[in-house]
Amino acid sequence: MSSESRQARPTASGFPRPDSTDPRHGASSPPRVARVAGRASAGWIPNQHGAWAMLAVPIAAGLTLGSDGSHYAPFLAACCVLGYFAFHATSQWLKSAPVRRGRYRPAMLAYTALALGVGLIALVLGGWTLLHWLPPVVALLVPALWLAQHRNERALLGGALTTAAACLITVILAYRSPAALVADWPEAQTALLLAVTLFGYFFGTVLHVKSLIRERGNPRIEGASTAWHLGWTALSVPLWGWFPGLIWAAIFAATTIRTVALARRARRGPVRPLTIGLIEIALSTLVLAGVLVTTSN
């Protein structure tokens, strides 16, 4: 086979595969891509891109609610991010065959050590009562790791567990302990409502994406996704009251429109992940704006 025919061979996407010796593509591009892919496949870079928003929005909400000059909060937020990285690498390690686990061990150990180190700084600055948040966090993440070990981490239960753990960050950053949250009642209702509302949005996204990709064509998942978003649209005013409730109702109405529109599009054929991702970025930005408006009142 000639070199021309090798260069013209299409990839799975239908586009020709670039030749690393072609000056138009640059000789160093393929190795650079390979290095990034290698780090991702070794557990250093999480490949679940939706998790970034699922971390960023609750962290922003918690830091806004707890903006009382607490020096420990940024360190605790960094601990949560590093903890997610450690959780991802550990999930990869658990679900891999024993002969392949070694590739994930460096990322798992490094991120765990970093999370513990930064967490220790947060404890010194914020007090040891922060450890009282460990039981609910462990109760959510241990079953999720068990699902990962059984290669079932993408089950709806796994999505619900990890989403709940991420949204709990809002309350953890706002209050040093569960006792502090109870002592600040009823003002603490805002933090709890935000955490629950963020769970409503992000778990709805889990259902939505699953209905478009892994469960495309499954009427039960599609119906559950639509019903979930409609339910949260209706619940927003009863939960929040008029002004913040109308804001959240408008946000959930937008997510409902997105869900119905893309579900209809998916019946005609696959929806590009890039399209799904760009819409989610826009909606996550809208949710973040809702958080900021809600916490400013």
Side-chain angles (χ1 to χ4, degrees), residues 50-51 53-68 80 133 136-137 139-140 156-157 159-211 221-261 263 279-297:
M54 199 179 293
L55 278 175
V57 177
I59 286 175
L63 290 175
T64 302
L65 286 169
S67 58
D68 56 356
C80 292
W133 286 115
V137 173
L140 291 169
L156 280 179
L157 176 59
L161 290 169
T162 52
T163 302
C167 295
L168 184 61
I169 294 174
T170 295
V171 182
I172 293 174
L173 289 175
Y175 291 96
R176 294 172 189 255
S177 67
L181 183 144
V182 173
D184 195 36
W185 199 265
E187 285 75 11
Q189 288 184 76
T190 300
L192 281 178
L193 279 176
L194 264 181
V196 171
T197 303
L198 290 178
F199 178 83
Y201 168 69
F202 284 113
F203 185 66
T205 299
V206 171
L207 288 170
H208 168 66
V209 173
K210 188 175 289 291
S211 72
I221 297 297
E222 181 182 323
S225 176
T226 303
W228 180 271
H229 289 91
L230 283 172
W232 274 96
T233 304
L235 279 173
S236 294
V237 171
L239 280 176
W240 281 98
W242 281 109
F243 177 67
L246 288 174
I247 292 174
W248 286 110
I251 292 172
F252 279 111
T255 65
T256 303
I257 294 170
R258 167 219 56 186
T259 299
V260 173
I279 293 174
E280 292 310 315
I281 290 173
L283 286 174
S284 294
T285 303
L286 187 62
V287 169
L288 180 58
V291 167
L292 296 177
V293 172
T294 301
T295 54
S296 65
N297 286 276

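Distance CG/Leu286 to CD1/Ile251: 4.5 Å, rounded to 0.5 Å. Atoms CG and CD, on Leu207 and Glu222 in that order, are 12.0 Å from each other to the nearest 0.5 Å. Rounding to the nearest 0.5 Å gives a distance of 9.0 Å between OG1 of Thr64 and CG of Leu194. In this structure, Thr259 OG1 and His229 NE2 are separated by 4.0 Å, a value rounded to the nearest 0.5 Å. Here the NE2-OG1 distance, from His208 to Thr256, works out to 11.0 Å after rounding to the nearest 0.5 Å. To the nearest 0.5 Å, atom CD1 of residue Ile59 and atom SG of residue Cys80 are 5.5 Å apart.
Nearest approach of Leu239 to Leu193, heavy atoms of both residues: O-CD1, 3.6 Å. When all heavy atoms of Leu288 and Ala60 are compared, the closest pair comes out as CD1-CB, 3.7 Å. Nearest heavy-atom pair across Ser225 and Gly204 is OG-O, 4.3 Å. Summarising the geometry of Val293 relative to Phe243, their closest heavy-atom pair is CG1-CE2, 4.2 Å, with the distance given to 0.1 Å. For the residue pair Leu168 and Pro136, the shortest heavy atom distance occurs at CD2-CB, 4.1 Å. Contact between Thr163 and Phe202 at its shortest, heavy atoms only, is CG2-CB, 3.7 Å.
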Next item on the list: Give the intermediate values and the outcome of side chain to side chain contact (heavy atoms under 4.5 Å, CB included) for residues Thr294 and Trp240.
Entry: CA-CA 9 Å; Thr294 301; Trp240 281 98; 3.2 Å; yes
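No more than 12 heavy atoms of other residues, nucleotides or ligands lie within 6.0 Å of CH2 in Trp242, so this atom counts as exposed by the packing criterion.
Side chain of Thr226 to backbone of Gly223: no donor-acceptor contact under 3.5 angstrom is found. In this structure, the side chain of Trp133 engages the main chain of Tyr175 through a donor-acceptor pair within 3.5 Å. No donor-acceptor pair closer than 3.5 Å links the side chain of Ser284 to the backbone N or O of Ile281.
Considering only heavy atoms from C-beta on, Trp248 comes within 4.5 Å of Val287 through its side chain. In this structure the side chain of Thr190 reaches within 4.5 angstrom of the side chain of Leu65, judged on heavy atoms. Under the 4.5 Å side-chain criterion, counting only non-hydrogen atoms from C-beta, Ile172 is in contact with Val137. The closest side-chain heavy-atom distance from Leu283 to Tyr201 is below 4.5 Å. The closest side-chain heavy-atom distance from Thr205 to Trp228 is not below 4.5 Å. Side-chain atoms of Thr197 and Trp232, non-hydrogen and from C-beta on, do get closer than 4.5 Å to each other. Between Leu181 and Leu192, some side-chain heavy-atom pair lies under the 4.5 Å cut-off.
Below 30°, between 30° and 60°, or above 60°: for Phe199 and Phe203 the angle between ring planes is below 30°, a parallel geometry.
Of the candidates Leu198, Ile169, Thr170, Leu198 is the only one forming a side chain to side chain contact (heavy atoms under 4.5 Å, CB included) with Val57.
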